[in-house]
Amino acid sequence: MHGSAFQPLTVETLPERLVRVTAVAEHVGGTGSSWRVREVGDGNLNLVFIVEGDRGAVVVKQALPYVRLVGDSWPLPLKRSFFEYHALTRQEKRAPGQVPAIYHFDEQQALIVMEYLSPHIILRRALIQGRQLPRIAEDLGLFMARTLFRGSDLHMETRDRKADLALFAENVELCDITENLVFTDPYFSAPMNRHTPELGPVVAELRADRDLKVEAQKLKHLFAAKAETLVHGDLHTGSVMVTESDTRIIDPEFAFYGPMAFDVGMLLSNYWMAFFSQRGHEAEGSREDMRAYLVRVIEETWAIFREEFARLWRTERRGMLYHRSLYEDQGDALGAEQALNHVIHDIWTDMLGFAGIEIHRRILGLAHNADFESIEDTKLRASCEAAALRFGRHIAVNRKHISSLAELDRLAKSLDQGL
Ligand code: SR1
Ligand code: MG
């Protein structure tokens with residue numbers, strides 16, 4: 001099938017079309033006719049198949065020329081598969097073992113054949129079920145520090161970084177989705193928006209909030225202009241697969257050169273949304289433990305991120321930024337520490353802004369989170385969402401004046417209790 005025009009796969013056509021791809025046949029084993037194929041894609045954009053045979057299994061992810069969630073009225077370039085492939089290969093180098101192994105990439109067919117992660121499940125589903133995964137804070141804190149630091153001018157040869165900046169700069173349409181769906185649409189009645197009906201008054205309040213709208217646009221400006229590192233670009237809890245002992249990060253098709261704080265803010269905001277949704281999942285018992293767990297995960301993720309970032313700063317800072325000739329080489333290690341504190345402080349401040357805006361778009365925009373959507377009682381759902389919206393507004397607008405997560409833990413708890 002190499003070199004032929006793009007054709008979407010189906011459960012029926014996949015064996016015949018992939019059986020001659022050595023990497024697939026080797027991992028799956030047997031003949032194509034004995035393969036068991038399921039389509040399991042539940043994301044917003046792509047087809048995802050699990051292919052099982054005598055020897056093993058693989059995942060086949062194929063882009064479609066449109067947004068799956070909306071249909072062919074919203075075309076989307078197949079090239080997102082190319083960006084995903086190149087992001088995965090870089091992430092594997094920068095944070096070894098934390099992304100699925102890639103077995104085969106076909107640019108024309110926009111498909112990636114990769115490791116089948118089993119018995120992993122999507123982190124978002126695990127959190128909705130009330131499962132407390134012991135590894136996520138450490139694994140994701142390390143993943144973010146390593147990929148964000150090592151993809152930047154703090155670490156890379158600037159020629160290589162600029163080449164990657166140019167490569168990923170073409171991921172225009174996926175950035176456009178984020179620019180509109182995350183930073184703009186939630187703040188006016190954009191045609192594809194939707195929200196839980198009982199939220200009407202809160203939504204009107206937020207859309208009339210001048211300070212919030214200014215902040216959202218400042219954050220959009222940062223997102224578009226701060227080409228700092230190769231970000232994952234869509235690092236929510238639906239982009240993470242987990243078991244008790246393993247954490248893998250998937251789906252970096254939104255990757256581009258953007259601000260480090262974007263990935264960190266998106267991930268933490270999804271934990272905060274999981275926190276605010278717990279009240280809607282208490283039919284089978286209190287989720288108090290789960291809320292305490294999520295607060296710990298947020299604190300530990302940030303602490304691990306900071307520590308690992310600082311370690312890399314001290315040991316792998318060999319790019320053109322904050323060059324050692326200005327600090328350590330002059331015996332001024334303290335100067336390097338001072339600069340590090342400034343960099344971390346900027347990430348902290350911007351992370352809070354991105355987190356607040358991400359919460360808003362998941363409740364007011366097109367693409368919602370199952371954490372809230374799976375709460376059937378719309379009155380209860382709206383009360384969880386309203387608390388999250390208020391929290392998001394607070395952290396986005398006041399981000400320069402928030403100094404600790406402890407302060408935010410208290411705020412989250414009191415908003416959740418309707419205080
Ligand atoms: C139209 S795509 C909607 C959302 O799905 C992806 O996972 C991204 O988060 C995007 O914003
Ligand atoms: Mg995705």
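By convention here, the first residue in the shown sequence is residue 1.
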Contact summary for Arg68 and Leu47, nearest pair of heavy atoms
NH1-CA, 3.9 Å
Can you confirm whether the side chains of Arg80 and Asn171 place a donor and an acceptor under 3.5 Å from each other?
no
I want to check something: taking the side chain as every heavy atom from C-beta on, are Arg291 and Arg279 in contact at a cut-off of under 4.5 Å?
yes
Can you check whether Val99 reaches Phe143 side chain to side chain, under 4.5 Å on heavy atoms?
yes
Quiz question: by atom type and distance under 3.5 Å, do the side chains of Arg124 and His236 form a donor-acceptor pair?
yes
Would you say the ring centroid of Phe275 lies under 6.0 angstrom from that of Trp272?
no
List for me each residue that meets salt bridge (charged side-chain N to carboxylate O under 4.0 Å, His left out) alongside Asp246, sequence neighbours excluded, and say none if there are none.
Arg248
Do the non-hydrogen side-chain atoms of Leu364 and Leu389 ever get within less than 4.5 Å of each other?
yes
Examine His86 together with Phe82 and report whether their ring centres are nearer than 6.0 Å.
yes
Modelled atom types, side-chain donor and acceptor of Tyr116 and His27, under 3.5 Å:
no
Tightest non-hydrogen contact, residues Asn193 and Asp185, listed as ND2-O, 2.8 Å
Before giving the answer on side-chain hydrogen bond (donor to acceptor under 3.5 Å, both in side chains), spell out for Gln109 and Arg17 the whole-Å C-alpha distance, their side-chain angles and the decisive distance to 0.1 Å.
CA-CA 11 Å; Gln109 296 302 321; Arg17 290 185 58 202; 2.9 Å; yes
Less than 3.5 Å apart, any donor N or O on the side chain of Glu385 or Thr196 sitting next to an acceptor on the other?
yes
Single hit among Glu328, His323, His155 for side chain to side chain donor-acceptor pair (under 3.5 Å) with Arg317:
Glu328
Are a donor atom and an acceptor atom from the side chains of Lys162 and Thr158 found within less than 3.5 Å of each other?
yes
Any luck finding a side-chain donor-acceptor pair between Thr378 and Glu198 under 3.5 Å?
yes
Does a donor on one side chain and an acceptor on the other come within less than 3.5 Å for Glu253 and Asn46?
yes
Residues which pass salt bridge (charged side-chain N to carboxylate O under 4.0 Å, His left out) with Arg159, listed by chain and number, not counting sequence neighbours
none
Check: Phe256 ring centre within less than 6.0 Å of Phe168 ring centre
no
Should the heavy atoms of other residues, nucleotides or ligands under 6.0 Å from CD of Glu284 be counted, would the total exceed 12?
no
